Amino acid sequence: MNDTAALTRWNAELRAKSPLEIVRWAVAQAGGRAIVSTNFRPYEAAILHVATQVQSDIPVLWVDHGYNRPATYRHAEALRTSLGLNLKPFLPRLTPAHRDAVHGPIPTTEDEAGLKKFSALMKLEPFQRGMRELAPTVWLTALRQVQNPNRAGLDIVSLDENFGALKVSPFFYATDADLEAYLAQHGLPNEWDYFDPAKADEKRECGLHAAWGKQAVNA
């Protein structure tokens, strides 16, 4: 069976499954090499909770670019403690202070080239380093169809061209209301004071899930 046929079949089979069932399926495919990524944005307690329910020690890849707000760092530490996260932080090679001194303020949405350069330096490079070190066969993500137009063309399971892993998004078809209910059901916190400077706008891609991200670091 070719990759396209397998993906079509898997997505059809998983469409009616719960996030927990999807994660169980994904971890079973991984041969002990599943990871989950996070940036601790709103609702991401859900993917971290469901992933650790299936594999308590699953590596949690977090690119800490250094520009998170204090509430996001507090949220990360609270979840690390409450869920027992096996957190694997990867940091840029430059500190935020160093980058800002050399390159100036974080680019705005009017400077698309500048934003891509910022993302490559502070987010994509450490993420690629993390993926090389952890070498997952299955990558669990919090991607959802409603997040932006690029993601609407994906599905629960896809082959990631940037990192060569099977990308699985258990909450892909979940709405905000679905996630609110999940957090309430499991007594999980949320965090709204979140901002990703590599995106600057929720409808943009930072490059992790877009084709341009693979080449950006070496550009």
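This is a predicted model, so every value here is computed, not measured. Worth knowing before you read on, the calculation uses all heavy atoms, side chains too, and leaves out hydrogens, waters and symmetry mates.
- Not a single donor-acceptor pair under 3.5 Å links the side chain of T72 to the backbone N or O of N68.
- Judged purely by atom type and a 3.5 angstrom limit, R24 has no side-chain atom pairing as donor or acceptor with the backbone of V54.
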Subject >> Derivation of the side-chain hydrogen bond (donor to acceptor under 3.5 Å, both in side chains) call for T141 and S169 >> reply: CA-CA 5 Å; T141 84; S169 305; 2.7 Å; yes
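- When side chains are defined from C-beta on, N86 does not count as touching I58, because their heavy atoms never get closer than 4.5 Å.
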Subject >> Derivation and outcome, ring-ring contact (aromatic ring centres under 6.0 Å, His included), residues W139 and F163 >> reply: CA-CA 9 Å; W139 170 20; F163 301 107; 5.5 Å; yes
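- A distance of 10.5 Å separates OG1 in T8 from CG in D3, rounded to the nearest 0.5 Å.
- Contact annotation: the side chain of L159 never approaches that of T4 to less than 4.5 Å [non-hydrogen atoms, C-beta and beyond].
- A side-chain donor from one of D178 and T175 sits under 3.5 Å from a side-chain acceptor of the other.
- Looking only at atom types and distance, the side chain of Y43 has a donor-acceptor partner in the side chain of E180 under 3.5 Å away.
- Residues P197 and H65 meet the side-chain proximity criterion, which asks for heavy atoms closer than 4.5 Å.
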Scan the side chains in residues 16-23 for donor-acceptor partners under 3.5 Å anywhere in the protein, sequence neighbours excluded, and list what turns up.
from, atom 1, to, atom 2, distance (Å)
S18, OG, E21, N, 3.1
S18, OG, E21, OE1, 3.3
E21, OE1, S18, N, 2.8

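- Between E133 and R129 there is no salt bridge, since no side-chain N of the basic residue sits under 4.0 Å from a carboxylate O of the acidic one.
- Without hydrogens or angle criteria, D155 side chain to V157 main chain gives no donor-acceptor distance under 3.5 Å.
- Considering only heavy atoms from C-beta on, L134 comes within 4.5 Å of L61 through its side chain.
- Side-chain N or O atoms of T137 include none that pairs as donor or acceptor with a backbone N or O of G31 at under 3.5 Å.
- If you check the side chains of D196 and Y67, you find no donor sitting under 3.5 Å from an acceptor.
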**OP:** I would like to know whether H49 and Y182 meet ring-ring contact (aromatic ring centres under 6.0 Å, His included); could you show each step before the answer?
**Re:** CA-CA 10 Å; H49 177 266; Y182 187 96; 5.6 Å; yes
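- Hydrophobic clustering (side-chain heavy atoms under 4.5 Å, transitive across Ile, Leu, Val, Met, Phe, Trp, Tyr) keeps L124 apart from L91.
- Within the 3.5 Å criterion, the main-chain N or O of L48 finds a donor-acceptor partner in the side chain of T52.
- Two different hydrophobic clusters hold V102 and I106 under the rule that ILVMFWY side chains link at heavy-atom gaps under 4.5 Å.
- Listed for the E44 side chain is a donor-acceptor partner under 3.5 Å among the backbone atoms of N39.
- Under the 6.0 Å distance and 45° angle rule, R69 does not count as a cation-pi partner of Y194.
- Under a 3.5 Å cut-off, the side chain of R144 and the backbone N or O of F172 do not form any donor-acceptor pair.
- E77 places no side-chain N or O within donor-acceptor distance of the main-chain N or O of Y73, the cut-off being under 3.5 Å.
- With hydrogens and angles ignored, the 3.5 Å screen pairs a side-chain donor or acceptor of R99 with a backbone N or O of P105.
- Residues R41 and E191 form no side-chain contact, since every pair of their non-hydrogen atoms from C-beta on lies 4.5 Å or further apart.
- The shortest non-hydrogen separation linking D160 to K167 is OD1-NZ, 2.9 Å.
- A donor-acceptor pair shorter than 3.5 Å cannot be found between the side chains of N11 and E13.
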